[in-house]
Amino acid sequence: MKKIGFIGTGVMGSSVVKHLLKADYEVVVYNRTKAKTDELVQLGAVWQETPKKVTEASELIFTMVGFPEDVEQTYFGEEGIFAADVTGKIMIDMTTSTPSLAKKIADRAKFSRGFALDAPVSGGDLGAKNGTLTTMVGGDEEIFEEVKDILAVFSSKVNLQGKAGSGQHTKMANQIMIAGTMTGMTELLVYAKAAKLDIEKVLDTVGGGSAANWSLTNYAPRILKEDYTPGFFVKHFVKDLNIALTEAEKMGIELPATKEARDLYNQLMTQGFENDGTQALIKLWWS
Ligand code: NAP
């Protein structure tokens, strides 16, 4: 059984660690704000003071921090993962980050005789809580085979998408879809309310037809309860859509609907709602 290190125990990471502990793995944890590991330590995880120390104490190291800059710091910082001897160790970044950073980490891991995979997830806070995430992996098949049962501890679907960076590209494709479902769900609510319909009934009806989707099922009810807690942070969604649009530009393709969604979420950020959940998009209409 592999000794697991886990860096970044926020909304998603803390739930993932709980599943690993429940499956009897030894887990060493680190988070920038230490208090966010307290519950995990009570459940049996062991705290270490830096990513470097987590790496030294583990064979397999997960990272699930916020932004690409945080990933950069966690791996390449003075007290980061690569400050430790990573020979024979496997590193898995589950942060939604850039394909180029995933490749840089994989190259550096190889150079240091270790191994790295990018493995961003989909399924939201509930998917993490329920252990039903969809995990999209980029990297070498041999390493994927070695860790896929561990990924299955908290995922209901685990697929290898291709070489390093392919997991992040797949996640971008996923976020492009979510841009459509979130803006669609929000405008559905705006329209239904303006038409003076019974909104609960509309949700029940359209949720049973071809408009059914995850955003509608999971976020529309939160909006009706005026629950804007994250979930999935607005600031992280803007980060994702910016990555998707940058990658699209590099490939010479236009994604006008995704651009519109990014601009709407940017407006929401400007109004001070960056730490709300993405369902807060409705606030641009219902203040
Ligand atoms: P979150 O609650 O902000 O968790 C990120 C955690 O990483 C925070 O606890 C943060 O510490 C920690 N962190 C950041 N930089 C660090 C560093 N340099 N060293 C150590 N810890 C660091 O966000 P989340 O919702 O769990 O999301 C994590 C990632 O998964 C993001 O990339 C997000 O886009 C992606 N994701 C989220 C969802 C979702 O529904 N929430 C779904 C799929 C993917 P602090 O406590 O100090 O801020």
Side-chain angles (χ1 to χ4, degrees), residues 5-19 28-40 45 47-55 61-83 91-99 101-102 105 118-137 151 154-155 157 167-168 170-175 177-179 181-182 214-215 218-219 222 228-244 265 274-280:
F6 205 103
I7 300 164
T9 56
V11 173
M12 299 295 282
S14 57
S15 289
V16 171
V17 170
K18 283 181 196 166
H19 287 293
V28 175
V29 289
Y30 170 75
N31 189 70
R32 186 171 51 195
T33 305
K34 189 179 179 198
K36 287 191 193 169
T37 60
D38 287 352
E39 191 195 354
L40 301 172
W47 161 262
Q48 284 286 348
E49 274 158 33
T50 63
K52 179 177 181 230
K53 287 189 177 163
V54 168
T55 307
I61 303 99
F62 284 102
T63 48
M64 198 168 202
V65 292
F67 296 86
E69 307 86 83
D70 301 325
V71 176
E72 188 85 45
Q73 198 194 358
T74 303
Y75 280 85
F76 299 97
E78 222 168 274
E79 293 295 320
I81 291 172
F82 287 125
M91 290 143 273
I92 304 182
D93 186 27
M94 298 207 293
T95 315
T96 304
S97 174
T98 65
L101 183 50
I105 292 170
D118 46 301
V121 301
S122 175
D125 56 331
L126 288 180
K129 261 187 202 137
N130 298 331
T132 55
L133 290 170
T134 289
T135 302
M136 30 204 123
V137 186
L151 298 175
F154 50 84
S155 316
K157 187 183 264 294
Q168 296 295 355
T170 306
K171 175 70 184 181
M172 287 309 121
N174 184 87
Q175 296 309 72
M177 181 77 246
I178 302 290
T181 58
M182 288 305 293
W214 202 94
S215 299
N218 290 283
Y219 285 136
R222 293 191 202 185
Y228 299 111
T229 52
F232 181 39
F233 287 103
V234 166
K235 63 186 177 189
H236 285 160
F237 197 32
V238 170
K239 173 244 320 170
D240 295 357
L241 296 179
N242 279 328
I243 296 172
Y265 273 100
E274 69 270 22
N275 286 315
D276 275 7
T278 47
Q279 69 274 26

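Since the structure is predicted, the reported quantities are computational estimates derived from the model, not experimental observations. When a ligand or atom number is given, it counts from 1 through the structure's own listing order. Sequence positions, counted from 1, serve as the residue numbers for this chain. Values below: every heavy atom of this structure, side chains too, minus hydrogens, waters and symmetry copies.
Close approach of ligand 1 to G124 (heavy-atom distance below 4.0 Å) involves ligand atoms 40 (O). Interface atoms of ligand 1 facing F233, defined by a heavy-atom separation under 4.0 Å, are 1 (P), 2 (O), 3 (O), 23 (O). Short contacts between ligand 1 and K36, defined as distances under 4.0 Å to a heavy atom of the residue, involve ligand atoms 9 (O), 45 (P), 46 (O), 48 (O). Listed by number with element, the atoms of ligand 1 under 4.0 angstrom from any heavy atom of V121 are 43 (C), 44 (C). Of all atoms in ligand 1, listed by their number and element, those nearer than 4.0 Å to a heavy atom of G8 are 7 (O). Within ligand 1, the atoms closer than 4.0 Å to a non-hydrogen atom of T33 are 45 (P), 46 (O), 47 (O), numbered from 1 in the order shown.
With a 4.0 Å heavy-atom cut-off, ligand 1 is reached by no atom of K235. Contacts between Y30 and ligand 1, counted as non-hydrogen atom pairs separated by less than 4.0 Å, involve the side chain only.
With respect to atom 18 (N) of ligand 1, the closest heavy atom belonging to the protein is Q73 OE1, 3.3 Å. Regarding atom 4 (O) of ligand 1, its nearest protein heavy-atom neighbour is G10 CA, 3.3 Å. The nearest heavy-atom contact from the protein to atom 26 (O) of ligand 1 is M12 N, 2.8 Å.
Geometrically, ligand 1 and N31 share a nitrogen or oxygen pair separated by less than 3.5 Å. Checked against a 3.5 angstrom limit, the closest N/O atoms of T96 and ligand 1 fall inside it.
The option from T63, V11, N275 that lies nearest to atom 25 (O) of ligand 1, judged by heavy atoms, is V11. When the heavy-atom distances from atom 29 (C) of ligand 1 to N218, T74, T134, V65 are ranked, the shortest goes to V65.
In this structure, G66 has a heavy atom closer than 4.0 Å to ligand 1. The shortest separation from a heavy atom of F237 to ligand 1 is not under 4.0 Å, leaving the residue out of contact.
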